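Please read the structure below before turning to the comments.
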Amino acid sequence: MMLLAIEQGNTNTLFAVHDGEGWRAQWRTATESTRTADEYAVWLYQLLQMNGLDFNQIEDCIISSVVPQSLFNLRKLAQRYFNKTPYVIGDNTHLGIEVRIDKPSEAGADRLVNTVGAWIKYGGPLIVIDSGTATTFDVVAADGALEGTAIAPGINLSVQALHSAAAKLPRIAIERPAHYIGKDTVSAMQSGIFWGYMGLIEYLTDKIQAEYGQPMTVVATGGVASLFEGATDRIHHFDPDLTLRGLLEIYQRTLSNQKKNE
């Protein structure tokens, strides 16, 4: 089974192909809500060709998106070029977990996928930290249910806001500084951003566990999560494959559930 998995965040969109045994290829593109199905197809066709693959080899498609205005074109991509009705998180998929929050419909597709992807590998209870456009702290129960979340601005968003709102503050690369006290503007900003987010992570994980009432495994994923690797003992696992693992698991659970109901 050749599966195309699409994970669309507010900043980047990940396309990945699974051949039934492993991930054959992965590509990222900037998320643009106005990009049409045909534009996606031209871009994707070339990348598939470069990896010895073709449109007619794609047998199924699963999509996770937090950008509603883009979802129409991603659906059209699957329908027009793969002749498939895609599985879409939050629409026609079987998660196999409970969403135990006051308004389950408010749980983003990315958080649902991360919950499944983390729980099948690490068990629970968990705190899943996703460092993207927003930094989310998802609480996952021992039985895999999503029980709540804390949401903060993402680190890149904070850097962009500083640069945009303060005329004399430059756009900087996010790096782990050697010192807490910066001696120039760039090192001062790097200290405040990096160690400030480190403090956010440590404080919130401590407080969430105290409120939850038991120790929890902390798993980090997302584009900038690797920056914090080795900088804190609060994060137990850095897992860049968490989202794709979750998408594949939900796809398999959906197919299994369909067979049971036939």
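As the structure is a computational prediction, the values presented were derived from the model and not from experiment.
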Any residue meeting side chain to side chain contact (heavy atoms under 4.5 Å, CB included) with T221, in chain and number order, not counting sequence neighbours: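 If we apply the side chain to side chain contact (heavy atoms under 4.5 Å, CB included) test to T221, skipping adjacent residues, the hits are N114, D130, L242.
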Any [X] side-chain heavy atom under 4.5 Å of [Y] side chain:
X: K260; Y: S256; value: yes
X: Q79; Y: P86; value: yes
X: V17; Y: L48; value: yes

In a check of side chain to side chain contact (heavy atoms under 4.5 Å, CB included) between Y87 and each of D60, I250, I63, which one passes?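 Filter result, single survivor: D60.
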Does CD in E211 sit with more than 12 non-hydrogen atoms of other residues, nucleotides or ligands closer than 6.0 Å?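 No, the 6.0 Å shell around CD holds no more than 12 heavy atoms from other groups.
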What do you reckon, is NE2 of H236 surrounded by more than 12 foreign heavy atoms closer than 6.0 Å?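 Yes.
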Atom [atom1] of [X] and atom [atom2] of [Y]: how far apart are they, to the nearest 0.5 Å?
X: N83; Y: N56; atom1: CG; atom2: CG; result: 11.5 Å
X: L44; Y: Q49; atom1: CG; atom2: CD; result: 10.5 Å
X: L244; Y: H18; atom1: CG; atom2: NE2; result: 9.0 Å
X: R234; Y: M198; atom1: CZ; atom2: CE; result: 8.5 Å
X: I89; Y: Q8; atom1: CD1; atom2: CD; result: 13.0 Å
X: L95; Y: L146; atom1: CG; atom2: CG; result: 10.0 Å

Would you say the side chains of [X] and [Y] form a donor-acceptor pair under 3.5 Å?
X: T31; Y: T13; answer: yes
X: E7; Y: T243; answer: no
X: T29; Y: R35; answer: yes

Residue pairs involving residues 92-123 (criterion ring-ring contact (aromatic ring centres under 6.0 Å, His included); sequence neighbours excluded):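 Matches after skipping sequence neighbours: Y122-H237.
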For ring-ring contact (aromatic ring centres under 6.0 Å, His included), just list the numbers for Y81 and Y45, CA-CA rounded to whole Å, side-chain angles, deciding distance to a tenth of an Å, and then say yes or no. CA-CA 10 Å; Y81 290 95; Y45 177 82; 9.2 Å; no
hydrophobic_cluster_shared for [Y] and [X], side chain cutoff 4.5 Å:
X: I58; Y: L255; value: no
X: L4; Y: V42; value: no
X: V67; Y: F72; value: no
X: M216; Y: I129; value: yes
X: V218; Y: I155; value: yes

Heavy-atom closest contact ([X] atom, [Y] atom, distance):
X: M189; Y: P170; answer: CE-O, 3.3 Å
X: P125; Y: Q214; answer: CG-OE1, 3.6 Å
X: R176; Y: W195; answer: NE-CH2, 3.8 Å
X: I97; Y: V116; answer: CD1-CG2, 4.0 Å
X: A173; Y: Q190; answer: O-NE2, 3.2 Å
X: L71; Y: S65; answer: CD1-CB, 4.1 Å

Hey, is the main chain of [Y] close enough, under 3.5 Å, to the side chain of [X] for a donor-acceptor pair?
X: Q69; Y: T34; result: no
X: N51; Y: L53; result: no
X: D184; Y: S187; result: yes
X: T135; Y: S131; result: no

Side chain to side chain contact (heavy atoms under 4.5 Å, CB included) between R245 and D239: does it pass, once the steps are laid out? CA-CA 10 Å; R245 185 186 312 114; D239 191 342; 2.9 Å; yes
In terms of the angle between their ring planes, are [X] and [Y] parallel, tilted or perpendicular, with boundaries placed at 30° and 60°?
X: F228; Y: F194; answer: tilted
X: F82; Y: F55; answer: perpendicular
X: F15; Y: Y40; answer: tilted

Matching residue for T133 among N156, N12, T11 - test: side chain to side chain donor-acceptor pair (under 3.5 Å):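 Answer to the side chain to side chain donor-acceptor pair (under 3.5 Å) test with T133 among N156, N12, T11: T11.
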Side-chain donor-acceptor contacts of residues 101-113 below 3.5 Å, not counting sequence neighbours, with atom names and distances?
residue: R111; atom: NE; partner: D138; partner atom: OD1; Å: 3.1
residue: R111; atom: NE; partner: T149; partner atom: OG1; Å: 3.3
residue: R111; atom: NH2; partner: T149; partner atom: OG1; Å: 2.4

Salt bridge or not between R253 and E249? Use side-chain N to carboxylate O under 4.0 Å.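 Answer for the salt bridge query: yes.
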Intermediate values then yes/no, side chain to side chain contact (heavy atoms under 4.5 Å, CB included), L14 and Q26: CA-CA 7 Å; L14 171 66; Q26 300 179 30; 4.1 Å; yes
Under the criterion side chain to side chain contact (heavy atoms under 4.5 Å, CB included), I'd like the reasoning laid out for I6 against L247: C-alpha separation, chi angles, the key distance, then a yes or no. CA-CA 9 Å; I6 303 173; L247 275 173; over 6 Å; no
Evaluation steps, salt bridge (charged side-chain N to carboxylate O under 4.0 Å, His left out), between D241 and K121: CA-CA 11 Å; D241 301 320; K121 182 169 183 178; over 6 Å; no
Checking side chain to side chain contact (heavy atoms under 4.5 Å, CB included) for the pair T136/I151: CA distance, chi angles, key distance, verdict? CA-CA 5 Å; T136 57; I151 302 175; 4.0 Å; yes
